[in-house]
Amino acid sequence: MSDFIIHVTIMSGLYALLALSLNLQAGLGGLMNFGQIALFACGTYGAAIAFHFDFGAVSGFVLAVLAAALLGWAFASVGRNLQADYWGIVTLALAEVIRIIATNEDWLTGGAQGIGGIPPLYAGLDGQTRQLVILATVLLLVLAAGLFCRHLIGGRYGLSIKIMREEPQLAASLGYDTIALKRQLMAVSSVLAAVSGFLFAHYVSFVGPEQIDSSETFLIWAMIVVGGLGNNAGAIVGAFLLQFTFAFIPFVKDWIGLPSEYVAAGRLLLTGGGLIAFILFRQSGIVPERVGGRRYV
Amino acid sequence: MFQFLVDVLMRACDLMLVAIGMSAVYSLMKFPNIALVQYAATGGILAIVLQKIGAPVAVAIVFAVVLTGLVAVILNEFLFNRMLKIGSSTAMIGSLAVSLVFSAAFLVTVGPNPSRFRLPVSKPIRILDARITEPQLVSFAIVAVALGVFALLYFRTDLGRCMRATSTNEVLADATGINTARMKTIIVLISGVMAALGGVAIALKGEVDIQIGMDLLLPVFASAILGGLGNPFGAVAGALLISLVETVVTTINFGPLMGQVVVFLPVAYASAISFLLLVAALLWRPRGLFVSEVKRV
Amino acid sequence: MSDSVLAIEGVAKSFGANQVLANVCFSIRKGEIVGLLGPNGCGKSTLLNLISGVFPADAGTLAFQGENMTGQSMDHIARRGLVRTFQLPSMPRRMTVAELLHGAAARGAGFGSLFRRDASEMAEIDGLLDELALSHVRYLPAASLSGGQKKLLSIALALRASPRMICLDEPTAGVHPNLRHHMVGLLRRINASGITLLIVEHDMHFIRELCSRCVVMDRGAVIADCKPSELTSNEQVVEAYLGNARQKRAMA
Amino acid sequence: EAVIGAVLPLSGSSATQGDDQRRGMELALEKINADGGVLGHPLKIITEDSGGRTATALDAAKKLVTVDKIPVVLGEFSSGITIPIAQYLLQQDRVHINIGSSSTQIRSLGKGAFSVIGLDDVSGAFAAQDVFSGGAKNVAVIAPNNAYGQGIANAFAAKFKSLGGAITSTVLYTEGQTTYRRELQQLAAGEPDLYVYTAYGKESATINRESFELGLNDKKWYGLYLTMCTADSDPQYVEGQIGMDLNYIGGNGGDYQKAYEAKYKGGFTSTFNGFAYDGVMLVAAAINKAKSLDPQKIEDAIAEIGKSYEGATGPILLDADGQRSTQPYLRLKIESGKAVATQ
Amino acid sequence: MIEVTEVRAGYGDGPDILNGISLTAEPGRIVTILGPNGCGKSTLLKCIAGFVRPRAGHIRMSGEAVTDVPTYLKVRNHRVGFVPQTDNVFASMTVAENIMLGGRLMERRDRERRFDTLLGQYPSLASKKNRRASALSGGERQLLSLARALISEPSILLLDEPSAGLSPRMMHDVFEAIADVRRREGPSILMVEQNAFEALHVSDSAYVLSFGSVAIEGAASDLLADPAMRSLYLGGDKH
Ligand SMILES: Nc1ncnc2c1ncn2[C@@H]1O[C@H](COP(=O)(O)OP(=O)(O)OP(=O)(O)O)[C@@H](O)[C@H]1O
Ligand SMILES: Nc1ncnc2c1ncn2[C@@H]1O[C@H](COP(=O)(O)OP(=O)(O)OP(=O)(O)O)[C@@H](O)[C@H]1O
Ligand SMILES: [Mg+2]
Ligand SMILES: [Mg+2]
């Protein structure tokens, strides 16, 4: 059991990084990114391609981070004068384009078959210790990312992003280059997503296009909505909560004794219904954003 | 050539009604309701099931469509209205959760296998160089009539004017004596009916399975946004444009250019190209092709 | 004209077939307080939009402190020191007044300021809030301010952006008369610190008390450029803008 | 008490196949337990839903291993999911049985991984030989744009070209569309002698109907796994199609087919139920042979049994990599709505 | 006839913005509400119109209790015309559509007649009849909003700063128009204004609010005549 919990915690941590990244964009910057999974894909495919062409994990990491930052930058550039919803759909579409490329360019990405056999990190350690070390790494990264985001949001830069989010015209009239702000924010938050993807690839050891389906983005969205949009702690809590719920739904199923033809329906019902109930009864998330933040109330 | 037009229309028809519904709901409620695509699936599946248990096709269709409309109203009353109080991204995630519950419901009621209306197989009719079957013509007709009725309602009646007024300024609409809550209910009903009709139109031409809703999501989104969210007839044009591009890029034979007999763009890239078109169109007209609203300071 | 801060030459703007501005020329010297007057819909706000770079002019040139600003973006122009306020200000829903004022100082707020937090500006912000009777709403979300309070806040925001020149679009519309009086004093002091002011306004008392010069527009063209006291004697201005005798009496 | 695990796509885009796999397992379970179970107890299968997602599938696999302490896990359907869970299971020294993926990458998973389904190279090569010897020289291929489709289309093309035939065009379609007219017209543009296609239930229904509507059925259609291709289609549209499929006849395949039809009121939904059935049967036999639930012993037993095992899908011979090396295929033709064997 | 008794109101779970306000506006009279920024004038109008629900107190229109009646019903049953302070037009609709919407509850013939007279009164709107309201200048919006409220010949007129942003000439015309409506149709007019002198000149009575309570009430002429009042509440003695 404890192995299972370690595994779920590692996955939760990876999703927490993704959620933190999305929360920076959507919660702080008002950027309704529905293509988050494409930034994650930069991480997974960065790792996979580096492995495939024998570049080594370090260059894989560099590749992942650079690709994600570049893609984030491009997302922001495309959306320079789009309204939030429009931009959301554009990112969704672009992420889909990236998935289509990953499915079809098999010389680079392995096509629909994906790239398998990516070695785990800390390959020198034995199974049990390795899991623990990976767990520690992920949790440390989540902590560091959380603190970084907190600092970013609480400081002067966060204020300028907030003005950009709420009233772009006003921000521009005060001298803020809103496009540059968006690009910076996207590039920085994309790096978090790429790190998550990179670790995911090495942890799961397989990278394929169905991992970057657009429904994955919705899952990350669900995490930050449950946790409380705009709040870092909320994003982390949301990621852990949802990931643990998903992981433990099979136990609920065993416990109820659900016949196997209803397993899938039960899972969908629990996730969908749970999410609805959560939104309705825990209105603005577990940890709602406070207007004014810590400093100005 | 005529065949080509028929192909374009056929694909556009699949998207149009759902896209109109999405756009119309967006104009009043200010959130893209993902569950709409599931209403389409509900409409189609319900009509088929009703026919299976003995109702004549026409009756089955009417019942299915009305029932779906009512479901849309009820869900709106009990879920989306309350979620919207928290925020539009919350409502959107909520509508995703509702979609999951729909999937679960479909899974236990009709199972994952596709189903179709029991209609006599008809030999295609030849019109010029195109081949069209009778059910396809009926399905065209349904879409055309639905569009016409909606256009009349929206532009020629007081009800339509009130809807548009509510969508631009709810407070002022209230102050003009418009029952804005009822307007919303009506638009939700209409969108549910339109989506269900869209589903029926798809079902008439062939087969539906429970995935159909989620499969429609991206192209419907793209159509609605290309036309300009909140402008229902823009969505029609958007659907036409998307299907036109998809069809054109896949039917152009690049063979002669490259000294070979047949060289086509891989179909897998058709949707990628239509998404890229979407991005390009929005770069040119950030609020969609058919929104002429000026936002001034 | 070496001391010209803002030079507007032959500026024109149309929206579709609708020509809103045609060949507008005037310039403003450093330290001046200029009133921009004209009937509703004559193009005053549109001119401010061109000056501040909301959209580009169809023709003509705009120069600020000798630098050609034609076609530059709003944020670029603002960073050069030309800041404007809006006629119908819309304010953030999820930021308090105090937060907004902190964030309004764009200089040095870039990515580099990530780890900087200073409280030294507190005093400055407090002073502004006091001056504009906004102290008691400092911790309210900016969007929930009353109409008049938003107008006052937008002046405070412009001041925080370290401007060389401010263009104010109807700063007193919806502001209580006592505060208008107060505002005259504030704007004078701002001006005395070397900031040039261009004010679109309909309150003639305010104009008379504050401005050294008035530019009057009608249907997209400048019809008068004179001292405030000379307005009533200009037939064209009276006809287009001031209207009947009671108004003239009020001006006298 | 013997408990084994399965990870299947019971929801998501492959739910049809996943559900059919579940049916096969259920039939196997009924048969095993009616015959006395394994090691004297009824066999139990814990089935988990993968939702068609790697992460969920991995969670499920880890749950089966670490919580339910299961020695053998069967599944999944998509190669993209089968591979990572198999890798995980092998790391944990458990046995993995592939019952539905045919990517050739599966061959290199390593010891402890078995496939009871022939990988794409096997079936693609058979079909190419069959089509070529049928006289067609220029063919067009349409297959889904996923691991299965890409794999089998490549395998088919490689063999067909090596025989001296030509592929006029290969179309990989995106699943879940409402129409495939564009794809079909691309296919027709090369004017092939014959169309080779493979598609899952819903897509094949649409493809068959539309090829009928567009008049593409004036040429011969060859279905790879023909019963899967025609399962959901209206018989009128597919009349006269030929193709290959797995051999259900001979051995205990005929009984299996009857049992399936009796229990689920209709023909096979996909070809995958048979492999799921065989997978479970094989594992049960191995456990009985090993007289133990130790994964290592089960693994050895499977390798041993796999030297000659008669499954519902025909003889299962596992090669040194644990992969099914041969697979008997049938040549089928649709006559008055039924698939009948031809020679 | 509008009667407001001891109304308390606020936003969300915030503090009371109105602390027990009472006032009456009789038919055929113009009542002006004055007061510093943020004292609750607009909140009071929104409360009467039904956008903000009173926490205590009563509101009656034409003798009927309407405290908890939703806005649209008030508008229908008591013919309320409302000009909000901000966001006062249907931005994506044309000028003509905006005005017509104001009269949607009237007979078609009446509506068209009124429409033509109103456009006659505001030539600057007439020339922009088919333009989108979102393109209008601030002053033009103000006029449009007024025209939209006036077309239905309301019996209760709530005006939130109708003269804000208007040129001196236009402001004068607008006040004349309001006085004219009062003379001809005799509605109860409740008007919030910052241009106090001009407003008081056409008003019958006035209330001065301060921090959500009535500080002073009286006849408009009395307020204008009292020098102490002028310097304290009306912005100094400049006239
Ligand atoms: N984006 C636009 N599209 C079309 N017409 C516009 C646009 N912006 C302004 N106009 C028109 O240009 C004219 C001038 O508008 P502007 O806002 O500059 O007037 P203004 O002088 O500021 O008036 P006010 O004193 O009422 O604010 C108006 O008639 C307006 O309708
Ligand atoms: N939507 C809102 N949510 C919360 N507080 C609000 C809201 N609207 C107004 N307030 C608060 O209520 C108080 C009164 O606002 P109101 O708009 O009634 O003022 P006003 O008297 O009309 O002022 P002005 O003359 O500036 O228009 C203000 O302090 C404001 O901050
Ligand atoms: Mg203006
Ligand atoms: Mg007000």
Side-chain angles (χ1 to χ4, degrees), chain A residues 24 26-30 69 73 80-81 84 147-189 191 228-231 284 288-297, chain C residues 48-49 52-54 73-86 89-119 121-122 125 138-144 153-154 157-163 167:
Chain A
L24 264 191
L28 174 63
W73 182 277
R80 62 179 185 272
N81 46 17
L147 288 177
F148 173 74
C149 292
R150 195 174 95 140
H151 209 91
L152 204 64
I153 291 179
R156 197 50 178 278
Y157 183 71
L159 284 182
S160 47
I161 296 281
K162 278 191 198 171
I163 304 184
M164 186 260 324
R165 158 186 92 186
E166 302 268 312
E167 296 290 340
Q169 188 103 49
L170 180 66
S173 83
L174 294 171
Y176 285 113
D177 183 346
T178 52
I179 302 166
L181 282 179
K182 274 186 203 172
R183 284 181 178 146
Q184 287 168 4
L185 186 64
M186 281 305 295
V188 168
S189 56
V191 169
L229 195 60
N231 188 299
S284 24
E289 181 190 16
R290 266 179 300 165
V291 174
R294 280 161 294 132
R295 283 213 299 157
Y296 303 104
V297 169
Chain C
L48 282 203
N49 285 343
S52 60
V54 175
S73 66
M74 178 138 98
D75 53 280
H76 175 86
I77 294 175
R79 282 195 298 275
R80 287 305 153 99
L82 202 170
V83 179
R84 55 94 45 104
T85 67
F86 295 97
S90 60
M91 291 292 165
R93 280 197 311 122
R94 291 190 293 168
M95 286 179 90
T96 62
V97 171
E99 253 188 309
L100 190 57
L101 281 167
H102 268 279
R107 285 204 188 150
F111 206 68
S113 71
L114 204 55
F115 298 98
R116 209 190 77 206
R117 291 174 177 218
D118 53 347
E121 317 148 284
M122 279 298 190
I125 289 172
R138 64 191 311 156
Y139 297 131
L140 290 185
S144 70
L153 178 57
S154 60
L157 290 176
L159 285 173
R160 289 279 294 145
S162 29
C167 300

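Protein chains get the first letters and strands the later ones, always in sequence-line order, with residue 1 at the start of each. Keep in mind that this is a model prediction, so the values were computed, not measured.
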Margin query: Pair A:Lys162, C:Leu100 - check side chain to side chain contact (heavy atoms under 4.5 Å, CB included), show working.
Written below: CA-CA 9 Å; A:Lys162 278 191 198 171; C:Leu100 190 57; over 6 Å; no
Notebook entry, point to check: Does C:Asp75 have any salt bridge (charged side-chain N to carboxylate O under 4.0 Å, His left out) partners at least two apart in sequence or in another chain, and if so, which?
Noted result: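 Listed in chain order: C:Arg79.
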Margin query: Salt bridge check, A:Glu166 against C:Arg94: does any charged N sit closer than 4.0 Å to a carboxylate O?
Written below: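 Salt bridge present between C:Arg94 and A:Glu166.
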Item checked: Gap between atom OG of C:Ser154 and atom CG of A:Leu170 - 0.5 Å precision ->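 Interatomic distance, A:Leu170 CG to C:Ser154 OG, rounded to 0.5 Å: 8.5 Å.
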Notebook entry, point to check: Could you give the distance from NE2 (C:His102) to CD1 (A:Ile163), rounded to the nearest 0.5 Å?
Noted result: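 Nearest 0.5 Å value for the NE2-CD1 distance: 11.5 Å.
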Notebook entry, point to check: Of all heavy-atom pairs between C:Ala78 and A:Ala172, which one has the smallest distance, and what is that distance?
Noted result: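 Reported closest heavy-atom pair: CB-O, 3.8 Å.
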Check: Hey, does C:Arg160 have a side-chain heavy atom less than 4.5 Å from the side chain of A:Leu174?
Finding: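 Contact flag for A:Leu174/C:Arg160 side chains = no.
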Item checked: Under the side chain to side chain contact (heavy atoms under 4.5 Å, CB included) test, residues paired with C:Val54 that sit two or more places apart ->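 Here the qualifying residues are A:Gln169, B:Val297, C:Asn49, C:Ser52, C:Met74, C:Arg84.
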